[in-house]
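Okay, so here's the structure we're looking at.
All chains are named by letter (A, B, ...) in the order of the sequence lines, taking the proteins before the strands, and each is independently numbered beginning at 1.
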Amino acid sequence: MDVLQQFLKTFFDWQAMGQVVPQMLTVGLPNTLILAASSAVLGCFFGLILSVMGIARNSALRWISRIYTDIFRGLPAILVIVIIGIGLGPILRQATGITNPFPLAIFALTLMAAAYIGEIFRSGIQSVDRGQLEAARALGFSYGSAMLLVVIPQGIRRVLPALVNQLIALIKDSSLVYLLGVTATQREIYRVANDSAANSGNMSPLIAAGVLYLILTIPLTHLVNYMDKRMREGKAQKIEPDEAAALVGKGGQA
Amino acid sequence: MSEFKSGSLTATNIHLAFGSNKVLRGIDLHVPQGTTASVIGPSGSGKSTLLRVMNRLIEPDQGDILLDERSVLKDNPDELRRRIGMVFQQFNLFPHKTVVDNVSLSLRKIRKMPKDQAHAKAMDQLELVGLAHKADARPGNLSGGQQQRVAIARALAMEPEVMFFDEATSALDPELVKGVLALMTDLSKGGMTMVVVTHEMGFSRNVSDTVTFMDGGVVVETGSPDELFTAPKTDRLKGFLSDVL
Ligand SMILES: Nc1ncnc2c1ncn2[C@@H]1O[C@H](COP(=O)(O)OP(=O)(O)O)[C@@H](O)[C@H]1O
Ligand SMILES: [Mg+2]
């Protein structure tokens with residue numbers, strides 16, 4: 001067998017791919033999406049709390065947010081997933097009887113996602129012009145209402161592209177959950193491919209997994225680019241002439 | 001004939017420092033009910049800061065603020081600010097909301113008005129400033145003059161007893177200044193109590209009841225427009241007027 005043939009056999013064995021694809025789509029894909037989507041939603045929720053703490057006037061809150069963020073942005077994902085997933089697994093089982101590794105896997109992914117998303121939200125919120133908070137407060141809104149109704153919605157809108165990037169990262173990072181003990185039906189995309197590759201001694205299932213990840217992530221990447229572009233162009237808006245200026249102020253002129 | 005439930009506003013001996021920078025050094029200002037006080041002075045003299053202290057966006061270090069002759073320093077500052085409308089140089093409309101939602105937001109969330117009632121009242125306010133036809137537009141699609149008139153409508157919707165204007169026309173193209181000044185003139189004639197920080201000497205002279213000249217964090221001269229503009233007493237005011245007129 002010459003080198004080229006061996007290369008093709010190792011990576012592009014259509015039969016091996018064909019065998020793994022059904023499982024990948026019916027088992028791996030839904031599990032990957034569950035892991036990524038739930039940790040994204042939870043990460044947004046806790047990230048928002050972290051970001052608001054990060055800009056609070058109370059310095060203790062700011063410190064807690066800062067320390068948390070530094071820790072969970074600074075650790076490798078694999079370390080957090082193993083410590084939480086394998087380390088806490090037996091404790092959770094003893095306390096609640098839950099043997100499903102998903103809650104802990106989602107917890108571990110959320111811990112990290114919240115740190116990143118918190119920083120994204122914070123930069124977005126801080127980029128909102130100070131005049132917005134001032135105008136809302138001048139109307140009589142409390143600090144909390146002004147933030148909630150006026151400042152935070154604008155801040156989040158600006159960082160939507162970065163948030164989608166975070167979702168892409170979560171889709172990829174969810175593959176690390178393969179390290180936890182999962183049953184056949186709990187496997188996500190990578191684990192399905194990994195098992196199949198181990199059984200057949202062939203890399204092709206992993207190539208199939210790669211293609212599936214790209215099918216998920218490339219459209220999201222382009223969505224990010226599209227949103228970025230739209231936001232930049234949205235800035236240059238058409239200004240109309242002030243035709244109504246002539247209609248008001250019959251009361252007098254300065 | 002007063003269209004507004006306006007009140008009088010008094011600030012006495014206001015002091016404020018940002019760190020070691022003493023920005024307000026004993027300011028007194030009295031604005032009788034239904035009158036317009038304009039505040040003039042060079043940039044950096046503390047005019048914007050004075051407005052922010054008087055509605056307690058910034059708490060004074062010393063001094064008292066009275067609305068309708070009652071001190072408001074012990075009140076909830078959020079409630080005080082509901083009684084004072086403020087219009088900013090940069091408009092500060094909420095860009096993520098439509099024009100009518102900009103006006104109705106405080107009615108719904110602070111006054112707890114039902115949605116349709118708040119909408120109807122916001123439309124009335126927009127009608128008043130000639131912009132009802134822009135109700136569903138985003139602020140970013142309006143000219144500066146239109147945005148500032150929406151900002152005025154937004155402040156008026158809360159039925160304030162006093163209105164503050166902080167260089168409301170300074171960011172506008174010259175051809176748009178007139179519409180906003182005309183609207184402010186209407187409010188003044190309609191009996192609103194107003195404090196107008198302005199570089200528009202025409203407005204200060206022709207519309208306001210009193211003029212206060214600030215420099216370096218103190219009131220240098222105050223009086224009727226005639227007194228200040230035709231017979232300035234201090235060299236500082238003379239110098240300022242010769243620079244701006
Ligand atoms: N938030 C702030 N923090 C620190 N210094 C400020 C702040 N706002 C204004 N100042 C300072 O206060 C002084 C007066 O500013 P301001 O009230 O804006 O003057 P004016 O409106 O008359 O131009 C300036 O020296 C300015 O740098
Ligand atoms: Mg100013």
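Heavy-atom distances place the side chain of B:Phe88, and not its backbone, under 4.5 Å from chain A. The part of B:Ile84 that comes within reach of chain A is its backbone (N, CA, C, O), which places non-hydrogen atoms under 4.5 angstrom from that chain. Heavy atoms closer than 4.5 Å to chain A are found in the backbone of B:Leu93, but not in its side chain. Of the two parts of B:Arg52, only the side chain, counted from C-beta on, holds a non-hydrogen atom closer than 4.5 Å to a non-hydrogen atom of chain A.
By number of non-hydrogen pairs under 4.5 angstrom with chain A, the leading residue of B:Glu200, B:Arg154, B:Glu79, B:Gln90 is B:Arg154. With chain A as the partner, the residue from B:Ala151, B:Gly85, B:Ser106 showing the most heavy-atom pairs under 4.5 Å is B:Ser106. The candidate from B:Asn76, B:Val177, B:Asp78, B:Leu187 with the greatest count of non-hydrogen atom pairs under 4.5 Å with chain A is B:Asp78.
By the neighbour-count criterion of 12 heavy atoms within 6.0 Å, atom NZ of A:Lys172 is sparsely surrounded, having that number or fewer from other residues, nucleotides or ligands. When the shell of 6.0 Å around OH of A:Tyr213 is examined, it contains more than 12 heavy atoms from other residues, nucleotides or ligands. Within 6.0 Å of the NZ atom in B:Lys121, the count of heavy atoms belonging to other residues, nucleotides or ligands exceeds 12.
Among residues 120-156 of chain A, the residues having any heavy atom closer than 4.5 Å to a heavy atom of chain B are, in sequence order, A:Asp129, A:Gly131, A:Gln132, A:Glu134, A:Ala135, A:Ala136, A:Arg137, A:Ala138, A:Leu139, A:Gly140, A:Phe141, A:Ser142, A:Leu149, A:Val150, A:Pro153, A:Gln154.
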